[in-house]
Amino acid sequence: MTSSGMNMMSKIIFYEERNFQGRSYECMNDCPDMSSYLNRCHSCRVERGCFMVYDRTNYMGNQYFMRRGEYADYMSMMGMGMGMGMGMSDCIRSCRMIPMHRGSYRMKIYERENFGGQMSELMDDCDNIMDRYRMSNCMSCNVMDGHWLMYEQPSYRGRMMYMRPGEYRNFMNMNMGGSSMRFMSMRRITDSCY
C-alpha cells in the first residue's frame with residue numbers, strides 16, 4: 001500500500017463528552033481548531049492511522065500520541081503520557097494526522113540551539129542521549145527522514161513533541177504549554193505504531 005493510500009485511510013472520531021458521548025466530529029487529516037465542530041472534546045476513538053492531539057489550537061501546548069484504539073477519558077488519557085502539568089487545558093483543541101513513512105529514518109540532534117555544540121546523528125530509537133552520546137542536552141535538531149517523537153526524559157517518558165522532517169533551530173521558542181523543552185530520548189514513528 002502506498003503511503004498516500006494509508007494516509008487517506010487515517011481516521012479519528014472526537015466526542016464532546018467522556019465515554020464517547022455527546023456530539024462527535026470525524027477527522028481524517030489535520031484540524032487546527034476543533035471549536036468550530038465541537039464545544040469541547042473529552043474522548044476520542046482512533047479507527048485508523050496515528051494522530052497527535054494538542055490541548056491548544058494550532059498544534060500548540062501539550063501533545064499526546066494517539067494510535068489505533070479507544071480513549072474514553074481525556075484526563076486519564078493525557079495523564080498516561082506526560083503527567084498533569086501546570087497550564088494543561090481540560091480538553092483537546094487541535095489534532096495533526098501523522099503520515100505513514102516508508103524508508104529510512106535520520107535525524108541530527110544538537111546540544112545547543114541553532115545547531116551548535118555537540119552533534120549526533122540518529123537512525124534508530126534512542127532511550128537516553130546522555131548514555132549513548134554523552135550529551136546532557138538537546139536544544140535543536142534537523143529531521144532529514146521520517147517522523148519522530150521526542151521526549152523530555154530518558155526512556156520515552158515525560159512530555160513529548162512530534163517532529164516532522166524539517167529544521168528545528170530552538171526548542172526554547174516552541175510553545176509547549178507555556179514552558180521550554182529539552183529532549184533526552186527520541187523514538188521513530190514506524191509501521192508498528194499503526
Side-chain angles (χ1 to χ4, degrees), residues 3-4 6-7 10 12 27 29-32 46 49-67 78 80-83 85 88 92-133 135-194:
S3 63
S4 61
M6 181 60 180
N7 295 343
S10 296
I12 187 170
C27 185
N29 49 32
D30 296 354
C31 180
V46 179
C50 295
F51 292 82
M52 289 304 290
V53 298
Y54 302 79
D55 69 352
R56 293 186 185 176
T57 58
N58 297 311
Y59 323 114
M60 303 277 272
N62 293 299
Q63 49 188 284
Y64 188 73
F65 177 69
M66 312 289 287
R67 65 181 65 191
M78 296 309 256
M80 287 189 303
M82 59 197 152
M88 173 165 268
I92 299 166
R93 305 277 182 203
S94 58
C95 78
R96 180 164 268 158
M97 189 269 299
I98 301 174
M100 180 179 276
H101 174 75
R102 297 215 187 270
S104 62
Y105 289 77
R106 200 162 62 108
M107 172 172 54
K108 291 181 180 176
I109 58 173
Y110 298 85
E111 192 173 28
R112 296 196 198 106
E113 60 278 342
N114 295 314
F115 314 126
Q118 181 181 336
M119 183 277 289
S120 296
E121 187 168 324
L122 285 79
M123 298 180 77
D124 60 357
D125 300 349
C126 176
D127 69 346
N128 190 326
I129 63 169
M130 177 62 106
D131 289 351
R132 188 188 287 184
Y133 300 112
M135 289 176 72
S136 59
N137 230 341
C138 174
M139 298 299 294
S140 57
C141 74
N142 182 4
V143 178
M144 282 88 77
D145 295 304
H147 297 258
W148 298 74
L149 290 176
M150 297 181 69
Y151 298 81
E152 70 177 339
Q153 297 173 20
S155 303
Y156 318 116
R157 292 177 328 188
R159 293 181 302 164
M160 65 178 74
M161 181 172 276
Y162 167 49
M163 303 299 223
R164 310 188 285 184
E167 293 184 347
Y168 301 87
R169 294 186 166 275
N170 191 344
F171 297 148
M172 300 287 276
N173 295 336
M174 301 175 99
N175 192 342
M176 289 289 300
S179 62
S180 61
M181 291 284 289
R182 68 179 194 148
F183 299 104
M184 299 303 291
S185 56
M186 41 281 307
R187 172 180 278 165
R188 297 163 297 154
I189 302 175
T190 62
D191 289 3
S192 63
C193 296
Y194 295 80

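Two residues are said to be in side-chain contact when any heavy atoms from C-beta on lie closer than 4.5 Å; V46 and F51 meet this criterion. With a 4.5 Å cut-off on side-chain heavy atoms, M107 and M150 count as touching. In this structure the side chain of Y151 never reaches within 4.5 angstrom of the side chain of M186, judged on heavy atoms. Looking only at side-chain heavy atoms (C-beta outward), M52 and Y64 stay at 4.5 Å or farther from each other. Within the 4.5 Å cutoff, the side chain of C50 has no heavy atoms near those of the S10 side chain. With contacts defined as side-chain heavy-atom distances shorter than 4.5 Å, the pair C141/K108 does not qualify. D191 has its side chain within reach of R102: a pair of non-hydrogen atoms, C-beta onward, lies under 4.5 Å apart. Side-chain atoms of R96 and Y162, non-hydrogen and from C-beta on, do get closer than 4.5 Å to each other.
S94 places a side-chain N or O within donor-acceptor distance of the main-chain N or O of Y59, the cut-off being under 3.5 Å. In this structure a side-chain-to-backbone donor-acceptor pair under 3.5 Å is missing from E111 to N137.
The line from CD1 of I189 to CG of D125 is 10.5 Å long, rounded to the nearest 0.5 Å. One distance of note links OG of S140 with OH of Y168; it measures 12.5 Å at 0.5 Å rounding. Taking CE from M123 and CE from M144, the interatomic distance works out to 8.5 Å, rounded to the nearest 0.5 Å. In this structure, CZ on R112 lies 14.0 Å from CE on M119, to the nearest 0.5 angstrom. In this structure, N62 CG and I92 CD1 are separated by 12.0 Å, a value rounded to the nearest 0.5 Å. Here the SG atom belonging to C126 is positioned 6.5 Å from the CG atom belonging to N128, to the nearest 0.5 angstrom.
Under a 4.0 Å N-O distance rule, the pair R188/D145 does not qualify as a salt bridge. Under a 4.0 Å N-O distance rule, the pair D127/R132 does not qualify as a salt bridge. Salt bridge absent: D55 and R93 never bring a charged side-chain N and a carboxylate O closer than 4.0 Å. Taking the charged nitrogens against the carboxylate oxygens, E113 and R169 have no contact shorter than 4.0 Å, which rules out a salt bridge.
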Go through the steps for E152 and M184 under the test side chain to side chain contact (heavy atoms under 4.5 Å, CB included), then give the verdict. CA-CA 5 Å; E152 70 177 339; M184 299 303 291; over 6 Å; no

Walk me through whether V53 and Q63 qualify under side chain to side chain contact (heavy atoms under 4.5 Å, CB included). CA-CA 5 Å; V53 298; Q63 49 188 284; over 6 Å; no

Test log, rule side chain to side chain contact (heavy atoms under 4.5 Å, CB included), inputs S185 and S155: CA-CA 6 Å; S185 56; S155 303; 6.0 Å; no

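Checked options I129, V143, I109; the residue passing with L122 is I109 (criterion: side-chain contact (heavy atoms from CB on, under 4.5 Å)).
The aromatic rings of F183 and F171 sit perpendicular, their planes meeting at an angle over 60°, well past the 30° parallel limit.
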